[in-house]
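Throughout, a chain's letter reflects where its sequence line sits, starting with A, and its residues are numbered from 1.
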Amino acid sequence: MTSPKDNQTDKPVCFQDVILRLQSYWAAQGCAVLQPYDMEVGAGTFHPATTLRSLGARPWAAAYVQPSRRPTDGRYGENPNRLQHYYQYQVIIKPSPANLQDLYLGSLKAIGLDPMIHDVRFVEDDWESPTLGAWGLGWEVWCDGMEVSQFTYFQQVGGHDCRPVSGELTYGLERLAMYVLGVEHVMDMPFNNPESPIPLSYGDIFRQAEREYSRWNFEQADTEMLLQHFKDAEAECARILDAADTDAAGRAIPMAHPAYDQAIKASHLFNLLDARGVISVTERQAYIGRVRALAKRCADLFVTTSAATGEALPTFPTGA
Amino acid sequence: MADLLIELFSEEIPARMQARAREDLKKLVTDGLVEAGLTYTGAGAFSTPRRLTLTVQGLTAHSPTTREERKGPRTDAPDAALEGFLRSTGLTKDQLEARDDKKGQVWFAVIQRPGRPAAEIIAEVLDRTIRNFPWPKSMRWGAGSLRWVRPLHAIICLLSDEAGATIVPFEIEGIVAGNTTRGHRFMAPDAFAVTGFDDYAAKLRRARVMLDADEREAAIRQEAANLAFARGWEIMPDDALLSEVAGLVEWPVPLMGAIEERFLSLPPEVLQTSMREHQKFFSARNPKTGRIEGFVTVANIDTPDQGETILKGNQRVLAARLSDAAFFWENDLREARAGMKDWAEGLKSVTFQSKLGSQADRITRIAALAGEIAPLVGADPDQAARAAKLAKLDLRSAMVGEFPELQGTMGRYYALEAGEPQAVADAARDHYSPLGPSDAVPTAPVSVAVALADKIDTLTGFWAIDEKPTGSKDPFALRRAALGVIRLVLGNELRTSLEVHIAQSHQFLARSIANTRELRPLDHPNYNVGYQINDATEYSEHHREAEYDPNQDYLLGEYEGRPVGPSVSFPAREHVGVFSGQRKTTTDLLAFLHDRLKVYLRDQGIRHDIIDAVLAQPGNDDLVQVVNRATALNDMLKTEDGQNLTQGLKRAGNILAQAEDKDGVEYSFGADEKFAETDAERALFKALDTAEPAIRKAMAAEDFPAAMTAIAALRAPIDAFFEAVQVNTDNQIIRRNRLNLLSRIREAGRQIADFTRIEG
């Protein structure tokens with residue numbers, strides 16, 4: 001057993017330290033450490049590495065940081081805990097290994113949370129994403145009364161039963177790091193090592209942007225344009241999905257990923273419209289249903305591809 | 001005789017499901033064992049977050065051998081009949097016996113079923129139990145297809161007797177039953193073997209697991225009380241929280257902390273709700289100051305620093321939560337002092353129900369109705385209307401947005417802050433009551449007026465748009481609203497005609513919808529211009545998954561936070577068509593209230609047929625009168641006189657009905673004593689002459705017991721009359737006279753109740 005004192009010396013010193021430790025920890029557990037998806041998303045779950053790869057029989061293990069945008073959570077950088085742009089750390093393993101809880105607890109140790117001196121608890125919290133047509137059972141993980149992660153066994157994604165089941169871990173990085181580092185206001189959190197020649201705080205990096213985006217999200221975003229973009233993304237998604245599976249040269253190339261990008265886009269546009277207060281409660285359901293329909297069709301297509309089934313990708317005839 | 005130990009070891013089972021799961025495990029396994037022919041002397045089930053455990057004592061080692069004889073077809077019957085018999089018995093022809101029967105030789109099958117060893121039966125029963133376990137929600141994990149509440153990792157299935165313990169051979173989806181388990185996740189994670197239940201429970205305790213949830217609850221209660229006592233505080237009792245927390249820990253370690261001074265001025269309800277809902281903390285009250293000043297959190301671990309780190313972390317989270325609450329509170333108080341105009345304005349854009357308008361529309365209706373009801377309850381109409389206008393403004397407050405369960409409670413604080421009189425402020429808090437069958441009924445006049453108006457408006461509204469409860473579906477808690485009306489009326493002995501109030505309510509509704517400029521059809525292209533509609537289907541969909549808490553006025557407190565843009569006008573006539581007419585609404589709703597009244601009175605020990613008999617009378621929308629009558633009638637029917645009188649009245653009624661049917665006339669008056677032939681007839685005339693005015697007088701004075709006494713006095717003369725007299729004689733004059741006499745009996749009965757509805 002490590003004593004609290006030993007542990008003290010092993011604590012991360014800044015935000016990026018927490019991230020780097022999670023990266024090395026999950027890399028050591030055999031996960032492919034991916035990079036963030038290059039689109040605006042509301043949560044790490046939207047990354048195709050989770051949404052699409054949780055479908056089908058092919059085994060999968062990935063971990064990544066995902067910048068997440070929640071326009072309605074913007075507080076002009078003033079609120080100690082709320083941001084419209086923040087980071088999630090996401091781990092997805094299929095099939096969920098029997099020791100996933102232990103692996104998870106190991107990751108807490110890696111960032112300096114020793115479960116022998118903290119109170120770590122798994123408290124029922126089922127997860128549902130109406131936009132993705134997805135749900136799972138699991139917990140929110142509490143550390144000393146604070147929610148530090150979501151732990152979910154996916155049961156359905158895009159309307160498809162998950163067989164096998166993926167285990168998904170989501171860490172809210174800012175909140176977790178603030179706790180580990182003992183910081184009260186997110187903007188005060190050291191981003192790089194405070195001993196660095198040029199120490200940077202979270203606020204140094206993001207305060208200005210938070211203010212600007214809060215204004216744009218709440219007051220400035222052109223709702224007519226956003227609505228049009230939503231319709232465009234929806235139409236393009238449908239068009240891609242409706243396209244023939246074979247290209248002009250007769251090669252079978254279904255386009256689940258490009259179609260799914262459009263579904264992600266539509267989802268984010270919906271969030272922006274929501275932040276602008278132009279979506280009524282009844283409409284909200286309708287919009288969510290429209291995005292879900294797209295996500296579901298993307299999933300329908302993805303499960304037919306070798307990325308899901310694990311079969312070898314057919315090679316094209318030479319010279320093609 | 002043997003003892004059975006079963007442990008199903010899994011990842012964390014949701015706290016709220018554990019109690020039920022214990023019962024289900026015990027029932028499914030013991031029922032299965034008994035069904036298979038085993039007997040046992042006792043059983044007990046236990047749960048921790050990570051395990052479900054069952055112990056069965058005194059289990060028989062084998063099921064008994066059974067022997068069954070079955071008679072088959074005659075030996076000379078066609079082959080097809082014999083084949084069918086063989087199939088159904090599972091025997092071959094040479095195993096059958098031919099025996100002589102009355103009708104000749106018949107095949108007999110003697111089926112011996114040898115007893116089976118307990119282990120074999122247990123394995124089957126356990127397999128069935130696991131596969132069919134009634135979890136509210138279950139899941140798959142990994143690559144398997146088994147379902148459990150969370151991943152199932154290990155199973156103990158152990159039979160033990162004097163000779164020792166043996167593992168019951170059992171496997172399910174790759175999990176092989178054994179005799180080992182693990183202790184506390186962090187403090188004693190290693191596996192250990194057990195030999196039986198006592199050994200299991202003792203070793204678990206050493207491995208820092210308290211198996212029994214009751215014991216964990218008691219330990220938490222005791223230790224929390226000790227911690228509080230040391231500071232001169234007391235724990236606010238909260239049984240629901242206690243049982244939840246006991247389901248979240250295997251080794252409860254209560255830790256006490258103080259709330260920072262800067263938060264102590266928050267209302268106690270806010271502190272308690274925030275701590276309970278967000279942190280699962282118990283609240284500690286300082287009896288000297290009357291304030292909530294501390295909390296108890298229950299950790300799941302003993303740490304080298306005696307919980308210091310854990311407590312510090314919890315305190316930090318609490319401070320963040322309470323900072324939010326304090327921020328809401330201060331903003332809300334500012335708005336309250338400014339007169340809450342923004343909230344009132346904001347409620348115009350919160351839809352109550354798409355066909356019933358906004359919350360603001362609804363409040364206008366309730367205020368109007370409360371003004372009408374006020375004089376009846378001794379409240380000032382203006383004050384009642386004012387209270388109704390303020391009562392729901394807190395739905396727009398930040399605090400209620402965060403904690404919907406504080407609706408009303410906050411309303412009272414804000415009304416006081418706004419300088420409103422105490423009675424008005426109290427009505428804000430109390431007008432939602434009574435929420436459940438055991439919730440107190442408001443008695444302050446202004447509160448009663450608003451509470452009643454609120455509920456009647458809700459009921460009338462949903463009846464008018466035909467959104468009534470069906471079967472188990474009652475998404476708008478209309479049954480509860482109806483029971484609320486009943487309890488408010490009865491609890492305050494309100495002598496009033498509900499029919500009148502429903503009609504008033506319907507008129508206000510029609511007027512309110514005619515005036516509204518905010519309601520739009522859902523399919524109109526402009527309906528999305530900043531208007532928030534919250535219609536019934538969406539509401540029920542939204543709440544389908546969420547557990548419905550009958551103590552929460554979710555719908556009525558439905559809160560949509562963001563201010564929205566201007567809405568678009570629509571001609572009101574488009575909406576008028578959605579309402580049922582006033583007549584139909586009133587009749588249907590009154591019938592529903594009567595149904596709920598029957599349920600309510602049945603619980604008070606009054607039979608439904610007695611209530612039916614009273615409800616068939618005029619004035620049945622005056623519930624106080626209905627109940628008084630029903631109670632008096634109920635009391636009378638418990639007496640022998642009452643029972644026999646009912647028979648006599650029914651007999652009179654039946655004879656009359658037959659005669660009227662046959663003769664095509666109604667016998668109603670004209671009985672004359674001069675045509676009486678017997679003393680019994682004359683005595684009945686005399687008795688009626690006495691009883692009729694007595695009943696009339698008593699009924700007019702609403703002295704129902706006196707009316708019952710008066711009519712009960714008819715029992716003997718009626719009995720004697722039927723004993724002595726044949727009503728349908730050949731002499732038509734005498735027959736008609738007797739029928740007319742019977743009609744006087746019928747009439748006397750009708751003054752009190754419709755006795756034909758009384759059963760027995």
Side-chain angles (χ1 to χ4, degrees), chain A residues 1 3-4 57 59 72 79-81 94-102 105 114-126 128 135-139 142-147 151 153-155 161-165 167 179 182 184 227 274-275 277-286, chain B residues 11-17 49 137-145 149-151 153 185-187 248-249 253 279-281 297 299-301 303-305 307 309-314 316-318 320 323 351 354 522 527-535 538 541-542 545 560 562-565:
Chain A
M1 196 177 84
S3 79
T72 47
N79 189 290
N81 301 300
K94 176 175 76 172
S96 64
N99 63 344
L100 189 56
Q101 281 188 314
D102 291 333
L105 292 167
D114 178 359
M116 296 307 290
I117 59 161
H118 290 280
D119 183 34
V120 179
R121 230 88 71 67
F122 293 85
V123 181
E124 177 191 16
D125 188 34
D126 300 337
E128 185 181 14
W135 67 277
L137 299 192
W139 310 273
W142 284 21
C143 178
D144 304 336
M146 186 178 69
E147 184 195 336
F151 191 128
Y153 291 102
F154 279 4
Q155 301 296 300
D161 278 351
C162 297
R163 290 181 189 274
V165 166
Y179 187 62
E184 301 293 336
L227 269 167
D274 193 27
V278 294
I279 291 185
S280 75
V281 177
T282 318
E283 274 188 309
R284 166 189 241 95
Q285 296 306 317
Chain B
E11 297 178 12
E12 277 76 356
I13 306 167
R16 66 186 172 96
M17 299 180 188
K137 278 185 190 172
S138 64
M139 54 165 275
R140 291 173 290 106
W141 60 94
S145 59
V149 64
R150 290 294 183 275
H153 282 289
R185 183 189 276 287
F186 302 114
M187 293 190 284
L248 284 170
V249 294
V253 181
Q279 303 300 125
K280 305 191 197 299
F281 287 177
T297 179
N300 185 35
I301 190 165
T303 62
D305 64 353
T309 309
I310 296 172
L311 192 58
K312 222 166 79 191
N314 275 285
R316 211 182 112 103
V317 183
L318 178 65
S323 297
T351 304
S354 60
L522 292 179
Y527 87 99
N528 61 359
V529 186
Y531 186 62
Q532 304 191 337
I533 292 167
N534 173 18
D535 86 356
E538 186 214 322
E541 271 196 14
H542 178 66
E545 281 300 312
E560 283 301 330
R562 204 168 309 103
V564 293

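In plain terms, the two heavy atoms of A:Met116 and B:Phe186 that are nearest each other are SD-O, 3.5 Å. Taking both residues in full, the closest heavy atoms of A:Ala98 and B:Glu11 are given as O-OE2, 3.9 Å, listed atom of the first, atom of the second, then distance. Nearest approach of A:Gly167 to A:Ser96, heavy atoms of both residues: N-CB, 3.6 Å. When all heavy atoms of A:Glu147 and A:Trp142 are compared, the pair lying nearest together is CA-CD1, 4.2 Å. Scanning both residues, B:Ile301 and A:His118, for their nearest heavy atoms gives CG2-O, 3.7 Å. The heavy-atom pair separating B:Arg150 from B:Trp141 by the smallest distance is O-CZ3, 4.1 Å.
Heavy-atom distances place the side chain of A:Leu105, and not its backbone, under 4.5 Å from chain B. Interface remark: B:Arg140 contributes backbone and side-chain atoms alike to the contact with chain A (heavy atom separation under 4.5 Å). Heavy-atom distances place both the backbone and the side chain of B:Thr309 under 4.5 Å from chain A. Residue contact with chain B, scored on non-hydrogen atoms closer than 4.5 Å, involves the backbone and the side chain of A:Arg163 alike. With a 4.5 angstrom heavy-atom cutoff, A:Phe154 does not touch chain B via any of its atoms.
Looking only at heavy-atom pairs under 4.5 Å with chain A, the residue among B:Gly142, B:Ser323, B:Gly313, B:Ala299 that has the most is B:Gly142. Heavy-atom pairs under 4.5 Å with chain A were tallied for B:Asn314, B:Thr303, B:Val149; the largest tally goes to B:Asn314. In terms of non-hydrogen atom pairs under 4.5 Å with chain B, the most contact-rich of A:Arg121, A:Glu184, A:Met146 is A:Arg121. Top candidate by heavy-atom pairs under 4.5 Å with chain B, chosen from A:Ala57, A:Cys143, A:Gly138, A:Gly136, is A:Gly138. The candidate with the highest count of non-hydrogen atom pairs below 4.5 Å against chain A, out of B:Gly144, B:Pro151, B:Gly307, is B:Pro151. Of the listed residues (B:Met17, B:His153, B:Arg316), the greatest number of heavy-atom pairs within a distance under 4.5 Å of chain A belongs to B:Arg316.
Comment: A:Glu124 does not engage B:Lys137 in a salt bridge, judged by the lack of any side-chain N to carboxylate O separation of less than 4.0 angstrom.
The CD1 atom of B:Ile13 lies 11.5 Å from the CG atom of B:Leu248; values are rounded to the nearest 0.5 Å.
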